[in-house]
Amino acid sequence: MNQLEQQIHLFLQGIGIEAFDKQYDNLKQAIQSFFQQQADDKHLIFKRSILYFYQKDQIINSIPYTSEDDNVYTFDGVKVSRVKPEYYLGKASSMVAGASVLDGLEISYSNNNNNNNNNNNGNNNG
């Protein structure tokens, strides 16, 4: 196995696709072909059960694959990385919108500024 093949194997294992999986060979071949084509700035992102093939900032292909893993995996042909979804969503992603999360949080709106603007406009036009 050459280094690219080893890294592809590591990437596929990371996203939960083992060598005995029936889609393993098809995905491995698609990834190898993708990285062997002459072009710079290529990378893969596996997110929400879809494998995205990127060239620069454009998605040029995508392949669905069901996975229970919520992590995001990236692969640039050399390095495989696992990224927690919070990296993209920030701390707010750990908060689920619901009553229990909002307990004790007071949100109020004031139209005071609008009233002042209306008064000012009335005074200027008067």
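Hydrogens, waters and symmetry mates are skipped; everything else that's a heavy atom, side chains included, is used.
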From Tyr52 OH over to Thr74 OG1, what is the distance, rounded to the nearest 0.5 angstrom?
-> 14.5 Å
Ring centres of Phe35 and Phe75 under 6.0 Å apart?
-> yes
How about Gln13: does its CD atom have over 12 heavy atoms from other parts shown lying under 6.0 Å from it?
-> yes
Pairwise side-chain hydrogen bond (donor to acceptor under 3.5 Å, both in side chains) hits with a residue in residues 33-45, at least two apart = none
Output for pair (Lys84 NZ, Asn71 CG), nearest 0.5 Å, gives 4.5 Å
Between the main-chain N or O of Ser67 and the side-chain N or O of Ser49, is there a donor-acceptor pair closer than 3.5 Å?
-> yes
Approximate separation, where rounding is to 0.5 Å, of Ile31 CD1 and Leu4 CG = 9.0 Å
Output the distance between atom CG (Leu27) and atom CD1 (Ile63), rounded to the nearest 0.5 Å.
-> 5.0 Å
Name the one of Leu51, Asn61, Ile8 that satisfies side-chain contact (heavy atoms from CB on, under 4.5 Å) with Leu44?
-> Leu51
Taking every non-hydrogen atom, the tightest pair across Tyr73 and Arg82 | OH-CD, 3.3 Å
Heavy-atom closest pair, residues His9 and Tyr24 = ND1-OH, 2.6 Å
List the atom of Gln7, the atom of Val78, and the distance in Å for their closest heavy-atom pair.
-> NE2-O, 2.5 Å
Interatomic distance, CG@Leu10 vs NZ@Lys79, rounded to 0.5 Å, equals 12.5 Å
When rounded to the nearest 0.5 Å, the distance separating CZ of Phe46 from OG of Ser62 is 11.5 Å
Beyond-backbone contact of Ile45 with Lys47, side-chain heavy atoms, under 4.5 angstrom = yes
Going by distance alone, is a donor N or O of one side chain under 3.5 Å from an acceptor N or O of the other, for Tyr65 and Asp21?
-> yes
